[in-house]
Participant: 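Sharing a structure below in C-alpha cells format, with a few things to ask.
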Amino acid sequence: MTTDVTDTGIRTIRSGFLGAGFMAHVHTRAARAAGAELAVVASSTPDRAVRAAAELGVRRAAADAADLLTDDVDVVHVCTPNATHAALALQALDAGKHVVCEKPLATSLADAQSLAAAAADRGVVAAVPFVYRYHPMVREARARVAAGEIGALITVDCGYLQDWMLLPEDDDWRATSTDGGPSRAFADIGSHLCDLLEFVSGERIVRLTARARTVYPERGGHTVENEDAVTLLVELSSGAIGTLLVSQMAAGRKNALTLELHGTRSSLRFDQERPEELWIGRRDASQHLFRDPQTAHPGVARFSRVPVGHAQGYQDAFNGFIADVHAAIRGDQPDGLPVFADGVRAAQLTEAVLAAAAGGHWVDVPVLLQ
Ligand code: SOE
C-alpha cells in the first residue's frame, strides 16, 4: 500500500469511493478535510464515474469496482445502494484495503456477521458511519452518563423523524426491497437512533417489541415492501424502559433525531437539529449547555472542530469520523470509532424489529459481538 511521507512525517492516505450519490459527496468532503488524496471513484456506469470524478474532485474515474480495486488505495468507501454493500465491502477486504462501509452493512444479519468476521480476519480498519457519535454534545452526554451525573437510568424517550417519503409520489431506491432491503425506516435511520442510545447510555437494548406501517403499498409503479414508520418499546440492560418513534413520513420533520434520557438525578436531551446544545433537566433548575471545549468534560474537547460560537454540524461530525478512521489506519485506537461490530449490532436490531413487528411479540436481543 501507499507510503507517501510528507515532511511532517504524516503519511498521505489514498482513498477510493464506490458510489457517486449524496453520501459519496459527504464522504469525499470528509476525506479531503482529513488530508486524504481522493484517488479514484467508480459508479454504476463508467460515464457516471467520469462525471462524479469531475464533480467530486477525484483524480481517476474507474470503469467499475474491480478496476477501482487495482488502484493502490489504502481505504475504500462503500457508498452504493444498501443491497450491494456486503459484496463490495468483501471485495475491498479481499484486495487488502481498509473499508468504510455505509449502513446497513448488509441487508441480512448473517451477511453482516460474515463481513465483520472477514474484516477481523484481515486485521484492517473496518468502520461504519454512525457519525452522530461525533457531535461534541453527544460525547458530552456520554461522559456525563458514565460519570454517574444523571444517576441510574429510569426511562428513555427517543425519536428519529424525517418527511421525505410523506407523499404517495415520493420514491427512492431505498423503498424497493431489492436495492433497499427488507427494512427501510429502521435500517436507514432507526439504526442511527439505537446506536446513539446504546453509545450514550452505555447500556444495551436487551428486549424490544415493535409495530410498523407501510402507508402506501405502491410508489413509483413498484410495490413497497419495507416500512415507512416504526414504533418500538425497549428494555435496556439496567431495566430502564423506553419508547422510540422512527418515521420518514412525519410532515415538517427533516432530520429530527432526539435522544432523551431520564435518570434518578437528572435528565439529558440531545437534538440533532440543534447539535450545539445539550439540555440538562433537573427538578429545580434545568439548563441548556452549549458546546465549549474549555468547559467540556475531559476527552470531549477534541470533538470540537470549529471555534466556540461558530455553529458546528453534520459535515463536521462526518469529518471527525473520517479523521478517526485515518488515525486508526495509522495505528491509533480512537475512542468510540463505530466499527463493523456496530454494523452487526444494527443488523441484529433490524431483524429483531422486523420479527417483533410481524409477530406482535417481544424479542430478546443478546449481544453478539463487542
Ligand atoms: C436518509 O434517510 C439519510 O441520508 C440517512 O441515510 C443517513 O444515514 C442520515 O444520516 C440522514 O438521512
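Every number for a ligand or one of its atoms is a count from 1 in the order of the listing.
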Participant: I'd like to check which ligand 1 atoms, numbered from 1 as shown, lie under 4.0 Å from a non-hydrogen atom of Lys103.
Facilitator: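 It comes down to these atoms of ligand 1: 5 (C), 6 (O), 7 (C), 8 (O).
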Participant: Does Phe318 reach ligand 1, in the sense of a heavy atom lying below 4.0 Å from it?
Facilitator: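 No, Phe318 has no heavy atoms under 4.0 Å from ligand 1.
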Participant: I'd like to check which ligand 1 atoms, numbered from 1 as shown, lie under 4.0 Å from a non-hydrogen atom of Tyr132.
Facilitator: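 Counting from 1, the qualifying ligand atoms are 9 (C), 10 (O), 11 (C).
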Participant: Of all the atoms in ligand 1, which lie at a distance below 4.0 Å from a heavy atom belonging to Gln162?
Facilitator: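 Those qualifying, in numeric order: 2 (O), 11 (C), 12 (O).
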Participant: Around atom CZ of Arg253, are there more than 12 heavy atoms from other residues, nucleotides or ligands closer than 6.0 Å?
Facilitator: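 No - once you tally the heavy atoms of other residues, nucleotides and ligands closer than 6.0 Å, there are 12 at most.
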Participant: At under 4.0 Å between heavy atoms, is it the side chain or the backbone of Tyr160 that contacts ligand 1, or both, or neither?
Facilitator: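 Within the 4.0 Å criterion, Tyr160 contacts ligand 1 through side-chain atoms alone.
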Participant: Do me a favour and list the nearest non-hydrogen protein atom to atom 5 (C) of ligand 1 with residue, atom name and distance?
Facilitator: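 Minimum-distance protein heavy atom for atom 5 (C) of ligand 1 reads Asp188 OD1, 3.3 Å.
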Participant: Between Arg184 and Asp179, is the closest basic N to carboxylate O distance under 4.0 Å?
Facilitator: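 Looking at Arg184 together with Asp179, the answer is no, because their closest N to O distance does not fall below 4.0 Å.
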Participant: Mark up the atoms of ligand 1 that fall under 4.0 Å of a heavy atom belonging to Arg174, in ascending order.
Facilitator: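 This gives 6 (O) as the contact atoms.
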Participant: Is it true that Arg345 and Glu198 have a side-chain N and a carboxylate O under 4.0 angstrom from each other?
Facilitator: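 Yes, charged N to carboxylate O under 4.0 Å.
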Participant: Between Asn255 and ligand 1, which residue portion shows a heavy-atom distance shorter than 4.0 Å: side chain, backbone, both, or neither?
Facilitator: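 The part of Asn255 near ligand 1 is the side chain, not the backbone.
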Participant: So, for Phe318 and Tyr134, is the gap between ring centers shorter than 6.0 Å?
Facilitator: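 No, the ring of Phe318 stays outside the 6.0 Å limit from the ring of Tyr134, centre to centre.
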Participant: Is the closest basic N to carboxylate O distance between Arg14 and Asp71 below 4.0 Å?
Facilitator: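 Between Asp71 and Arg14 there is a salt bridge, with a charged N closer than 4.0 Å to a carboxylate O.
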Participant: Once the angle between the rings of Tyr132 and His192 is folded into 0 to 90°, is it parallel (under 30°), tilted (30 to 60°) or perpendicular (over 60°)?
Facilitator: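 Perpendicular.
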Participant: Report yes or no: do Asn255 and Tyr314 form a side-chain donor-acceptor pair below 3.5 Å?
Facilitator: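 Absent: no donor and acceptor within the cut-off.
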Participant: Under 4.0 Å from a heavy atom of Phe22: give me the atoms of ligand 1 that qualify, with their elements.
Facilitator: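 Those qualifying, in numeric order: 4 (O).
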Participant: Within the 4.0 Å heavy-atom shell around Trp164, which atoms of ligand 1 are there?
Facilitator: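 Listed by number with element, the hits are 2 (O).
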